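Notes to accompany the following structure.
All values reported here derive from a predicted model rather than from experimental measurement. Within every chain, numbering begins at 1; the chains are lettered A, B, ... in the order of the sequence lines, protein sequences first and strands thereafter.
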Amino acid sequence: EADIYQTPRYLVIGTGKKITLECSQTMGHDKMYWYQQDPGMELHLIHYSYGVNSTEKGDLSSESTVSRIRTEHFPLTLESARPSHTSQYLCASSGQGPNIQYFGAGTRLSVL
Amino acid sequence: DAKTTQPTSMDCAEGRAANLPCNHSTISGNEYVYWYRQIHSQGPQYIIHGLKNNETNEMASLIITEDRKSSTLILPHATLRDTAVYYCIVRVAGGNTGKLIFGQGTTLQVKP
């Protein structure tokens, strides 16, 4: 079992609120990722990091931001949530060698 | 990264082998074939990967054609819990970012 944790699992919030989705892994992986997935749709990479103090935007444009101050922690922040941000957000990490990514259980975000 | 083509959906009887095909005719010599699955919008789960030899682990077998233009994931004795979306992904191993691009995948329905 992968040791990667996301909190909260579910979040319902009003428009305009600032939120932070937490992602932590205990495997010492350098690379971490955030994906966004709408129900029944494809996963899209929105952010990734290949080490401390490195962050890059993914293939899908997102208004969210990320930080990587510690190896094990890769939080995602929305400064002002909007209904269009309603989605599932999945965090993953991978180590050296093959691209085997380990995923968290995801956070389902609903913005009213 | 090479593009992959998978059938949109497949059915399989419980207890029978499930054979999931994937075409990747533009695969490069240093690109691996990875398989992941996603059960009911949980985080994707790594299954298996290979370069050119057939591979087997406790979950599945991966058969790659000699020209590497296609592959088949085999679940030898499918159970109802194998119902999921299966993703075939082609890319180089390692590298700085380790990004994976998830397409539509194949929805496998295992029926009693």
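For the residue pair B:Gly43 and A:Leu90, the shortest heavy atom distance occurs at CA-CD2, 3.6 Å.
Criterion: ILVMFWY side-chain heavy atoms under 4.5 Å apart, direct or through other members. Under it, B:Ile63 and B:Val33 are not part of a common hydrophobic cluster. Connection of B:Leu51 to B:Tyr34 is established within a shared hydrophobic cluster, with ILVMFWY side chains joined at heavy-atom distances below 4.5 Å, either directly or through further cluster members. Taking hydrophobic clusters as Ile, Leu, Val, Met, Phe, Trp and Tyr residues chained together by side-chain heavy-atom distances below 4.5 Å, A:Leu11 shares a cluster with A:Val66. Residues A:Tyr48 and A:Met27 share a hydrophobic cluster, clusters being chains of Ile/Leu/Val/Met/Phe/Trp/Tyr side chains in contact below 4.5 Å.
Within the 4.5 angstrom heavy-atom criterion, only side-chain atoms of A:Asp59, from C-beta onward, approach chain B. Looking at A:Ile100, the atoms closer than 4.5 Å to chain B (heavy atoms on both sides) sit in the backbone and in the side chain alike. For a residue to count as touching a neighbouring chain, one of its non-hydrogen atoms must lie under 4.5 Å from one of that chain's; by this rule A:Leu43 touches chain B with backbone and side chain alike.
Applying the 6.0 Å contact sphere to CD1 of A:Ile69 captures no more than 12 heavy atoms from other residues, nucleotides or ligands.
Between the side chain of B:Tyr36 and the backbone N or O of A:Gln101 there is at least one donor-acceptor pair closer than 3.5 Å.
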